[in-house]
Amino acid sequence: MRLSWIASALVASTAVMAAPAVDEVQIAARATSGVNDYNCKPQAGKDPVIFLHGLGAPSGVNWFTKAPIVAANGYCVFTPQYGSVNQIWFGFASMRSSSKEVAGIVQKVLAATGAKKVNIVGHSMGTTVGSYYIKFDGGKDVVNHFVGFGANYKGSTLYGVNALVRTIPGVTPALRAVCASCDEFLPPSQFLTDLQAGGVSVPGVDYTTIVSNLDQIVIPYTSGLLREEPAVTNIVIQEQCGLIPDIAGHLAQAVDPNVTAWILWALGGKQGKIPGCIPNLIPFKRDDEFILDA
Ligand SMILES: *[C@@H]1O[C@H](CO)[C@@H](O)[C@H](O)[C@H]1NC(C)=O
């Protein structure tokens with residue numbers, strides 16, 4: 001009783017943290033037209049882009065800004081919902097099964113578009129699922145560029161929640177029963193151990209990982225850095241942006257134009273210098289302001 005309450009509270013808090021504001025849902029319905037078009041034919045040198053959303057996020061909301069911008073830059077863009085359990089879109093399925101689901105989605109996109117490779121852009125859970133798919137479920141042969149932001153290859157200790165869950169008897173299985181991916185995110189977990197063993201990245205795929213040192217969900221934020229792996233470009237948002245800091249935390253990276261510019265740079269094969277940050281004219285919302293809106 002009590003244990004399942006702890007598990008549900010944990011799941012609920014994760015979902016609330018990722019809950020979108022209502023106006024964003026409405027924007028999402030409009031802005032993603034032209035995306036998810038299986039008749040789209042890729043331009044030369046522009047492999048289709050598959051966006052993988054975060055835990056608790058409806059895909060249309062997660063990608064309402066970036067998907068149309070990347071599509072407007074000439075890419076065929078797809079924003080699948082994945083990891084649902086009983087048709088509920090929170091993304092509570094095990095990330096191992098989500099990885100297999102992504103493998104199916106990639107095959108469908110390749111078949112429809114005639115492309116030989118795809119690019120993957122992931123936010124949060126999309127970084128762990130995407131990189132797991134590349135390493136274990138066939139992605140290494142068909143993924144060209146992989147870009148992840150709000151990345152968390154080493155999971156998140158979530159203010160010590162991991163220690164609680166692992167210490168109190170019965171909590172780990174209770175959490176796993178409600179939300180397998182939540183359990184996998186809390187170190188130590190076999191999923192994270194497998195993902196990290198011998199390095200997250202695999203040769204032949206171009207990786208970019210983007211993190212914010214203001215991330216409130218990925219703790220520590222360095223969980224998403226792979227500095228010791230040569231195939232990976234590591235970007236800490238605030239180190240890249242100068243005097244006027246970028247205040248995006250975990251959620252706001254989904255709408256941060258600075259992050260979008262680096263995604264386009266990576267998808268384009270990293271030509272020239274990495275783009276500088278784009279100064280804001282309108283004050284930007286911090287993550288806690290997004291949450292208050294919801
Ligand atoms: C992007 O970086 C610039 C320069 O540091 C900054 O002015 C702007 O606010 C940043 N964007 C966001 C969303 O924080």
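Both ligands and their constituent atoms are indexed starting at 1 by order of listing. Residue indices begin at 1 and follow the sequence shown.
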Check: His250 ring centre within less than 6.0 Å of Tyr221 ring centre:
no

Test of understanding: given a 4.0 Å heavy-atom threshold, classify the contact between Val255 and ligand 1 as side chain, backbone, both, or neither.
neither

Region of Asp246 that comes within reach of ligand 1 [heavy atoms, distance under 4.0 Å]
both

With sequence neighbours left out, write down each residue that passes ring pair (Phe, Tyr, Trp, His ring centres under 6.0 Å) with Phe146, or none if nothing qualifies.
Tyr207

According to a hydrophobic-cluster definition based on side-chain heavy atoms being under 4.5 Å apart (Ile, Leu, Val, Met, Phe, Trp, Tyr only), do Val109 and Val129 belong together?
yes

Of all the atoms in ligand 1, which lie at a distance below 4.0 Å from a heavy atom belonging to [X]?
{"X": "Asn258", "answer": "1 (C), 2 (O), 3 (C), 8 (C), 10 (C), 11 (N), 12 (C)"}
{"X": "Cys277", "answer": "1 (C), 2 (O), 3 (C), 4 (C), 5 (O)"}
{"X": "Ile247", "answer": "14 (O)"}

Close side-chain approach of Gln196 and Lys154, heavy atoms under 4.5 Å:
yes

Looking at Tyr38, does the NZ or CZ of Lys108 lie under 6.0 angstrom from its six-membered ring centre and within 45 degrees of the ring axis?
yes

